[in-house]
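Notes follow once the structure below has been shown.
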Amino acid sequence: MGTNLLFVPGNNPAMVQNAGILGADTVIFDLEDAVAGNEKDAARTLLKNALESMEYEGCETSVRINAMDTTHWEKDLRTVAVAGIDGLVIPKAERGEDIKAISEILDSITEAEDIFLIPLVESALGVENVYEIAASSKRIRGIFFGAEDYTADIGAVRTKGGEEIFWARGRIVNGAAAAGVEAIDTPFTDVEDIEGLKKDTIFAKALGFDGKASISPRHCGFIREIFYPQDEEIRYAIRVMDTVKEAEKSGKGVASMDGKMIDKPIVLRALKVLRAAGIKEDFRYE
Amino acid sequence: MSKIRVSLRKAIIASGLKNGMTVSFHHHLRNGDFVINMVMSEIEDLGISDIRIAASSFFPIHGSLVRHIKTGTITAIDCNYMSGPLAEAVTNGMLQKPVMFRTHGGRPRAIMDGSLKIDVAFIASPSSDDMGNLNGASGPSSCGSLGYAMPDALMAGKVIAITDNLVAYPNGPVSIDETNVDHVVVVDSIGDPSGIVSGTTQVTRDPVGHVIARHAADVIEASGLLKDGISFQTGAGGASLATAHYLREKMVSGGIKGSFGMGGITAFFVDMLEDGLFEKLIDVQCFDLDAVRSIRENPNHIEVSASQYANPSAKSCSVESLDVVVLGATEIDTDFNVNVLTDSSGNIMGGSGGHSDTAQGAKLTIIVANLLRARLPIVVDRVTTKVTPGETVDVLVTERGIAVNPARVDLMKSLKEKGLPVVDIVELKEMAEKMAGKPRKVSFTDRVIGFVEYRNGEIIDKVYQPAKE
């Protein structure tokens, strides 16, 4: 999934065509907020055709379907899930059972077991239930925090400083980590304020987020740069993984490096560094 | 003695203009120019016909010339660029003789060597005294540089300055001096200064344009030319201006100071001069009013003639000292030949301007273009009209990859070493065709409506009239 996820309006042919070259690790084609009610069908068809015929090399593709309290979501799901996407973003996620239901529909309509889900948590109830949501399906790759709807829901005013979302951000990071999935931070919505974006992204990284979404291609490069690990972190992570795999191969119960035991948190940290650097690593704790 | 003539008509009569002669104009007032229409209307009223009109460029505002073609007042056209209703009329075959399309450097060459003989030059002058000392930098219709009018003033049989801003003798600074001016005519207005704005001074918001521009700036860096003393020229608007934006960022972060920026000068280049990123600006024409202000106030903003800018027969010219130029294209073929004259349907919509001059002069010529334009692939097997020869083009930068001219082995190697997405130009063509399909071939009649003259005087292509659907 990488460190930067970019929203692209699902009803804009030029943007849909060029989505793969805008610098995002994962593109989120939007069928929800970006598309007016009377354009939902047309956008869905456009996306289906684009996904089936275009090559989006070098980035993953996902679709934000409409929320489950609308009449569109199931049509969205059934159309795009079989068109060759890598993942789905599920808005207004509030309960684990809803995500489970989507996961089951996916199981029934496609053999692609690797289609990932990213529940978008953007309400007070969703934030309360974040761990339950994050742990509801093996397809879940990460939890995405949506701050705009969340602040409206709790009755706070959204600010650039983000004091009003401080607690929710922490809870999202915690819930995602507890379930072993990634935490994706909310977009920084002022497209022109690059300094503000950088500050907000550095803060999100410090809180423990694995990546950040954006609504402007201009933001992708800055987000990637901030989340990109230092060279020494990458080298250390590669050594950790080599040591762990070597220990596993030779049947050693405990791996050690530089005289220190490599325990699970060190391995998880190394995997996170490699993910952020875009280095593929299939190792998984059973 | 005064050179003031009471009316334009009197000045034309005094110049001795007759049937079959050639008149010339500059295009510094661009789409705000009133002078070409005003003069041609007067010539028609005088009953003079069979005129060759040689202007450095024509814009949509010059649509009334179509009427003068119909009446036989204008029977031949010579220019470096043409857009709007006049281009449409020529495309439709209204003019009997083919248009001679030159370059900004080829035109002064042709004027100086006599192959373009001008009988009467009409020079729109934002400021003049009664003896014809002219500049473009002051007055209500100021357009900045008068570079394109300078060869005309020097070589034309007679020169008529037309101004809406008569000042006391002696006028200064002087762009064109009284030794070359025969008559001065004062009119109410020579143009609308807002019409000189070309392209945009705002960096594009188009995300694809930014992808292309970032790649183009990376190419400049990888070429090794991004160092103290770099000289640079780019177009106004779209990915070209965005490239300047990213180049500027690289210059600022690397503490690099350039020697000169050149061209059509925009506010963006003026800012770079004022921020100390360039030592000088070389200005053959101003593309906006900030550039006009700068050329008036800043001694490091230098006005040059079209000859000094790009005349290949001159002892030297500025394009030969240029490191990097970033240019656009309506089509580019797999041999890197570029078309900026006709669109993909064969309609005339532009011309070389300084495209071929800077491409040949610069050490690094980069074409920036969206791989698909209005659902049509920009890379084609063979361009509809060859304007800039492929051997003078080094790199094509698109949003889906960078193609390097195979002759530039050194550049290909450095770009690959820097990890830039280098692909074969044929692959780019195939990529575009895979997305948009192979375009239907446009059919043409046998009728030649234009000649493409390269900067050295060689005719390198002909423009044919598109067949009616």
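Convention: sequence-line order gives letters A, B, ...; per-chain numbering from 1. Values below: all heavy atoms of this structure, side chains included; hydrogens, waters and symmetry mates excluded.
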Atom pair CD1/CZ of I21(A) and R400(B) - distance to nearest 0.5 Å: 5.5 Å

NE2 of H210(B) to CG of L22(A), rounded to nearest 0.5 Å, is 11.0 Å

Check the surroundings of atom [atom1] in [X]: do more than 12 heavy atoms from other residues, nucleotides or ligands lie under 6.0 Å from it?
X	atom1	answer
E52(A)	CD	yes
K75(A)	NZ	no
K250(B)	NZ	yes
K245(A)	NZ	yes

Checking heavy atoms, do the side chain of L372(B), its backbone, both or neither come under 4.5 Å from chain A? side chain

Let me know if V211(B) has heavy atoms under 4.5 Å from chain A in its side chain, its backbone, both or neither. side chain

Would you call K434(B) and M54(A) a side-chain contact if the rule is heavy atoms closer than 4.5 Å? no

Any side-chain heavy atom of M15(A) sitting closer than 4.5 Å to one from P207(B)? yes

Region of E57(A) in contact with chain B, defined by heavy-atom distances below 4.5 Å: neither

